[in-house]
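No hydrogens, no waters, no symmetry mates; every other heavy atom, side chains included, goes into these values. Chain letters run A, B, ... following the sequence lines, proteins first and then strands; every chain starts at 1. Bear in mind the structure is a predicted one, so any value in this text is a computation, not a measurement.
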2 protein chains.
Amino acid sequence: MNKKASADKPAAFESISQWYMETDVVIVGGGGAGISAAIEAADAGAKVIVLEAASDAGGSTALAGGLIYMGGGTPTQIACGFEDDTEEMFKHLMMASGPNADEDKVRLYCDESLNHYDWLIEQGVVFKPEYYPHKHTNTPNEAALMTTGNEEAWPFIEHSKPAPRGHKPQIEGDHGGIPLMEKLIASAQSKGVNIICDARALTAIADHEGTVKGIVVRIDGQEQCIHAKRGVVLTSGGFIMNTDMVKEYAPRLARGNYPNGNPNDTGGGIRIGIGAGGNAINMHEGFTCTPHYPPRQFLEAIIVDETGQRFINEDVYHGRLGSAILDRPDRRYYLIIDSRHFEILERPPKGGYSVAGVGDTAEELEQEINLPEGTLVNTLNTYNRFAAEGKDPVFHKAEKYLSGLDQPPYAAFDLTIGNGAFYAVMTFGGLDTLPTGEVLTVEKQVVKGLYSAGRNSAGLPRCADGYASGMSIGDATFFGRLAGQSAAANQ
Amino acid sequence: MNKKASADKPAAFESISQWYMETDVVIVGGGGAGISAAIEAADAGAKVIVLEAASDAGGSTALAGGLIYMGGGTPTQIACGFEDDTEEMFKHLMMASGPNADEDKVRLYCDESLNHYDWLIEQGVVFKPEYYPHKHTNTPNEAALMTTGNEEAWPFIEHSKPAPRGHKPQIEGDHGGIPLMEKLIASAQSKGVNIICDARALTAIADHEGTVKGIVVRIDGQEQCIHAKRGVVLTSGGFIMNTDMVKEYAPRLARGNYPNGNPNDTGGGIRIGIGAGGNAINMHEGFTCTPHYPPRQFLEAIIVDETGQRFINEDVYHGRLGSAILDRPDRRYYLIIDSRHFEILERPPKGGYSVAGVGDTAEELEQEINLPEGTLVNTLNTYNRFAAEGKDPVFHKAEKYLSGLDQPPYAAFDLTIGNGAFYAVMTFGGLDTLPTGEVLTVEKQVVKGLYSAGRNSAGLPRCADGYASGMSIGDATFFGRLAGQSAAANQ
C-alpha cells in the first residue's frame, strides 16, 4: 500500500503481503442491510467482520421511523383483523416501483414476506398487534400496524386491494428504528459477528481476474487491508449526504432541505462497487416527501399551485405529493382550508408550513396569495360542486376526505420549496444486483466476490411516485439477509 | 484473444501479440462527433482510424435535421439582421441545461461559438443567410437560421435576450444532417482519415495500469485488435435503440414511440467506456418531444389534460411540452381549437394527432372527450377572459399567440400517449468527461488514453425541459473536435 487508496482503483490482491485481519465475509456498513447480512452469514458458519464508519452501528435504519413493509397475512395483520394476499401485495409493489421495477426482487420479496416477518421475530423484534387507523407518517403510539403508502389512493386503489402493511417495531412514536437495530445488533453479536466501528472502507481488493478478495479500510488513521476469503458485502447506504453526487446523479433531490439519513450516506460503498467493476443504476431516483399530514384534516384541504389549479388527489402518500411538487420545483404551492378546519391554525403543521394568507372570501384569499384572478375561485367552485355529490372526478380523492371547502373564511398554508416547508429526500440509486445480492457489471455479469444490499444497491424502492414507508427498511433487511447468505456460500 | 470480447472486460494490452492495425488515434463511431474528432486529430498530425458499425459513416447526425446551435453574432445571424451576445447565449444555455448543467462546457461552448462556426465553414458547410420567422421543427425551405428552442417562451424569456441560434446547413427542408455529414466526411477523408465501416468495437484494450491503448473490434466476423498509440475516442452515440438500457437507465423515455437515432445507438460505446473505468452520469435524461407545431396555428390553441386544465404555456419548444407530458404519461391530453383554426382540420398535423372530438359548444366538446363537467368550460372562460386583455397570467403564453378561443364550434386533437401521437425520444446520458473529452472515473480521475464526445458522453444537452434543437449536434461537433485534439496530443 504505497499510494493513497481510491475507490476507483481496487488494490491488487497479489501485491498485498500483510493482512491486518483475515475473515470469511467483510460487510461494509452496519445499518439494517449490513447487520441482517451479518446475521445470516454467521448463521451459515462464516466468520464475519462488519466495518462501520460511524462510532456505533445502526446506520440510517436506526434513525428512521422503523416501518417495515410486509404483508400477505402476517400475524400482526391477522391479529388486527386484516386479510391480505401475497398477490395483492405484489400488484401494489409492482405499481409502486414504477417503470423501473425489478420484478424478480418484488416477486421474491412478496413471496417471502411471511418468512421475513418470522425471521425478525426470531431476532427479538416485537410488533405490538395494534392497528393505527389514521393517515400519519408513523404510528404515534406503540401500535405496529398502519397503512403507509398509496394503497388506498387513486390510481393505486383501482389496481390492487389495499391492506395495512407497515409494521413498526414496538416503541412509542416515531422511533421504530431504534428497537429494530438494537435487536438486530444484539442478535449479530450473539452469533460472534465482529463489529468494528470508526472504520471507513476505501476501496476493494481484487485479484488479476477482478474477483473481490478483501477491502482496504482506514482504522485509527491507517490504511489497512482485510482479507475476505468468501466475499465483501457493500451495505453502506445511499448518497444523499454527498451534495456533489446528488447534483450529478439525482439533481431533482437537490431541492430538498432535509436529507433523510446519517452523515455517512455519502455513496462511498456505491463508488467502491463501481471501482470494482459493478454498475450503478436508477441513480436519478429517490424518496421525496413533504408531510402534509398529520393533521389528517389537511387531507380535506385542497392543494393548488401558482396557477390556482389542483394537481393531485390530496389523499396520496406524502412522498407522491413531494414528487409531484419536485417535478415543478419553481412554482408556488398552497394548501387551502376553510373555517371548518381552522382548529389547525392553533398548532403548526408537521410540514413546517407557514400561513401564506387568509381571506373572508375565496376571492380575497386568491388576491392575498397572488393567484391569477378567478383561478382559485374556479377551482374551489368545481371542487365543492362535486364534493357535495361525494365525488372528485377531476383528481379522484377518496370520498371520505371530500368534506367540501365552502365555509369561509379561508386560509392558505405555504408549501413552496424554500419558504420553510419541509422536503425530505433520500436516494434510491445504487449498484445493480441480482436478488441474491451479487453485484453486476454493465454487461450483467457477476463481479465475483462482491455483494450489495440496502440503499447501496438498487433494490425494491425505485420510484418516488409510488414509494411507501417501510419499503426501504423492508428491502434492506430482506435483501441484506440474502446478500449475507450468498457471500457465506461463496467458497 | 481466447475469450469472446465483452465491454466490461478490457483486453490486457500486455497479452496481445499480434495487431490487426496500428495507428495513433482510434475513433469509435463515424457520426458528427467522431468525424469532427477525426478531422482535428488528423490536423494535429495523428494517424487516424474511424471504426463505424454501419455500412456507411454519418451516424445519427446524418439522419437528423442538422440544426447546429451557435450564437454570439455569427455571420449568418448578422446577415439576417440579428444581434446576439455570447453572455445572453450563455445565460440561456445554462437555464436550458437544467439542474445538472456542466457550466465549464456551457462556458467554453459559448465562448468558442464563433470559432466553431468558422471551422464548419472551413470544412465546406454552407449556411444560406436567410431567416425563417415561424415556429417550426426545422426550416422548411433552404434558410439557415431559425429560433429552435424556448428562447422566446416563458420563463426563459425573462432570463436572457432571445436570438435565433439554430443554423441548418443548406438544403431544402428537414435534411440538414446530410450536407453536414457529407462535408465533414469529405474533409476527414481529404486529410487521410481511414474510415472503416462494418466494424463494431467490442471492448477497450488497456495496460495493467488501466491506460487505454487500443480497441477490440469485430470486422468480417473476426475479433481484431487495433493499437491506438495516442488514444481511443468513443463517439458511438447514445442508447435509445437499446430497450433494456432505456428501461433500466431512462425508463421515462420508454414511453416514446419514435426513437430518434440510428439502429446502432445501442450504448455500446458507453458500455465500453464504463468497462474501461469510465463513469456514466445523467443517464435518466433525454430529449422527448411531441411536435405540436407546425401548424403554427396550434400555438393559438390550448392544451389540456384529462382534468380539463391547462398545464403549460403552449408556445414552448415541443421538447418542453413532450417532457411535461412524460411527467404524467398515463393521463389523456387534448389540443383544443375553435372554428377560427378549423382550416387545420384539412391536413393532418405533423404530430400524428387524430381528432378526438368536436362540439358546437365548449360544454358539448367537454362531454364528447369525457372531461369532468365544467372543467374545460372553466379553463376556456379563464383563458379567453385574459386573452381578451392580451395576457395569460396563468401560464404566460406570449401575447402574439393569445388570439382567444371563443368562436365555436370547437375541436380537440388527441395528444395522449398511445393514441397515435408522435413522441420522439433520444438519450442524454453518457460518459462523464472533461471539456477536453477526457473520460473520468467515479472519483473524477482521468482514464488515461480514453476520450469521448457526442451522445456517447454527458455533454451540453442535459435536460428535456430546456433542450433546444441544435444543441446535440452543436455539442457533438464542437466537443468531438476537442476530444480529437486531446487524443492527438497524448504522446
Chain A heavy atoms under 4.5 Å from [X]: which part of the residue, side chain, backbone, both or neither?
X      : result
B/F395 : side chain
B/R255 : neither
B/E306 : side chain
B/R462 : neither
B/D432 : side chain
B/A458 : neither

Quick one: what part of [X] sits under 4.5 Å from any heavy atom of chain B, side chain, backbone, both or neither?
X      : answer
A/R328 : side chain
A/T382 : side chain
A/A250 : neither
A/A7   : both
A/A101 : backbone

Picking from A/L371, A/N282, A/N100, which has the most non-hydrogen pairs under 4.5 angstrom with chain B? A/N100
So, A/N279 and A/T441: side-chain donor and acceptor under 3.5 Å apart, yes or no? no
